[in-house]
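Letters A, B, ... are given to chains in the order of the sequence lines, protein chains preceding strands, and every chain is numbered from 1.
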Number of protein chains: 2
Amino acid sequence: MRTYGQFCPIAKSSEILAERWTLLIVRELLLGSHRFNELEWGLPHIPRSLLTQRLRSLEDAGVLERRADAGGKRREYHLTTAGLELFEIVKGIGDWGQKWVNHNIGHGDVDPKLLVWDMHRRLDLEAIPDHRVVIQLDFHGAARGIFWLVVERPEPSVCQTDPGFDVDLFVSADTIALHRVWMGHTTIHEAIDEGLVEIDGLPELARAFPKWLQLSFFAGVQPAGATVAG
Amino acid sequence: MRTYGQFCPIAKSSEILAERWTLLIVRELLLGSHRFNELEWGLPHIPRSLLTQRLRSLEDAGVLERRADAGGKRREYHLTTAGLELFEIVKGIGDWGQKWVNHNIGHGDVDPKLLVWDMHRRLDLEAIPDHRVVIQLDFHGAARGIFWLVVERPEPSVCQTDPGFDVDLFVSADTIALHRVWMGHTTIHEAIDEGLVEIDGLPELARAFPKWLQLSFFAGVQPAGATVAG
DNA sequence: CAGTATCCGATGCGATACTG
DNA sequence: CAGTATCGCATCGGATACTG
């Protein structure tokens, strides 16, 4: 690991935390991912070898620990007490970003895979129906992709290939528009009115769907200089 | 600038803040350095070209702005509102480091130059005498160096070469020992008792010196697992 | 003093391919 | 699924020299 040659605690922390990808890995762990594959879903474009390397560094630094899972065969990654105490820092960085960093979501910043992964993790388990609902999401515009969201208790899941179930709801969305909804820059109803998002299926389900969908943790943070919506 | 291709505010912030040296530059600005040369004092080993580059990135990101100073000739770097709002984040990272990162100060982590720079910035202006006091600091042990601290109002200064004034106090210190005092791991009186720090000069000044010296901002944070001193 | 310009070697990153 | 191995390239770090 590269060091700064300083005793300052900010420098010592930065040696661990300020390396590329590291904070995003911690974010994923804080949000409840524990398996290598789950981490990959939340970190599109990270080289697998680099993920391995970072997980090892974080283990050495005492931020996380590897465990064998219940089955005994697979590994799981869990934050230690030290790692869990990064919550406020990571949240603070996110709040700062939402407030101050250019909040025009551009073509380079959108990733349908990450969006559906985030969405599936924020579904309101209290609000979803008792029975399984399968949603097909078609993204178009800045970036394309088709995903399936299998909404069920105890744990919703997401697929990149057709899971084979009958589809109950078809959602077709402009990629940037749905990102803007997720980030709280607009509402899903506005996006629907503008024709950028369409929901097809049983009217009852179509009406209920927006209620299951919780937004990003940072959707409530106002960008600096934004006028408060009337 | 390297990006992550994510809309997540943590990722957008990290693109700016998680690059090497960046957080330490922000630390220096938060602590009151504004000129290129002051920044260099607080960032030993940073290549000047890289400092220039980072300052430019931070300006582009809206974290700082360049100004002409009062004289009109020199440039100064000042945090914007966005930059000032990084205070809690930087402090949080420092607190976390002081609590959780290996707090054995080793040979690779000591830097007398940074230490005297930090010390001169934390001198208690209320407590120092009315007249100028010149202190020569001799570091020995893990890393060597001689510095002169010119203690005076309104602004103390520090030199790497003999400023030519009569020296009022000679301080001779083991480098690691004085770092440990600064970080709150021990007291200066303990270090003196162990023979690791010596102060020579008028007894009145020698007695007063420890009182001018405020410690690191993080000296009050207990390392995890540390027993509270009795 | 306050930078800018250039050059070189080491390392980190990212892409691809391979394995149990 | 959960990694490991390898390799080219970009960036960083450090040195040196130059400028207003």
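Proximity of A/Trp21 to the phosphate of C/dG14: a side-chain N or O atom is located under 4.0 Å from OP1 or OP2. Checking the phosphate oxygens (OP1, OP2) of D/dG14, no side-chain nitrogen or oxygen of B/Arg48 falls inside 4.0 Å. B/Arg2 has no side-chain polar atom (N or O) that falls below the 4.0 Å cut-off from OP1 or OP2 of D/dT11. Taking side-chain N and O atoms only, A/Ser49 has no distance below 4.0 Å to OP1 or OP2 of D/dT4. Remark: A/Arg54 is in phosphate contact with C/dC13, judged by side-chain N or O atoms under 4.0 Å from OP1 or OP2. Taking 4.0 angstrom as the limit, B/Tyr4 places none of its side-chain polar atoms (N or O) nearer than this to OP1 or OP2 of C/dG14. An OP1 or OP2 oxygen of D/dT4 is reached within less than 4.0 angstrom by no side-chain nitrogen or oxygen of A/Gln53.
Note: CG (A/Leu50) to C1' (C/dG12) measures 8 Å, nearest angstrom. Regarding B/Trp41, its CH2 atom lies at a distance of 13 Å from the P atom of C/dA2, rounded to whole Å. Look at NE2 on A/His34: it is 18 Å from P on D/dC1, rounded to the nearest Å. One interatomic measurement links the two molecules: CG of B/Asn37 to P of C/dC1, which rounds to 5 Å at whole-angstrom precision. As rounded to whole Å, 8 Å separates atom P of C/dA2 from atom CD of B/Glu38. Rounding to whole angstrom units, CZ of residue B/Arg75 and C1' of C/dC1 are separated by 13 Å. Regarding A/Leu55, its CG atom lies at a distance of 8 Å from the P atom of D/dG3, rounded to whole Å. Distance CZ (A/Arg20) to C1' (C/dT11): 15 Å, rounded to an integer number of Å.
Looking at B/Arg35, its side chain has no donor and acceptor atom pair within 3.5 Å of the base of C/dA2.
Heavy-atom neighbours of B/Lys91 NZ from other residues, nucleotides or ligands within 6.0 Å: at or below the threshold of 12.
Checking C/dG14, D/dT4, C/dG3 against every side-chain atom of B/Phe36, the shortest atom distance belongs to C/dG3.
Aromatic ring pairs are classed by plane angle as parallel below 30°, tilted from 30° to 60° and perpendicular above 60°; the pair A/His120 and A/Trp117 is tilted.
At a threshold of 4.0 angstrom between heavy atoms, the contacts of B/Arg56 are confined to the sugar-phosphate backbone, with no base atom among them.
Between A/Trp148 and A/Phe165, the distance from one ring center to the other does not fall under 6.0 angstrom. Aromatic ring centres of B/Tyr4 and A/Trp21 lie closer together than 6.0 Å. With ring centers used as reference points, A/His34 lies 6.0 Å or more from A/Tyr77.
D/dG20 is paired with C/dC1 under the Watson-Crick or G-U wobble criterion, all donor-acceptor distances under 3.5 Å.
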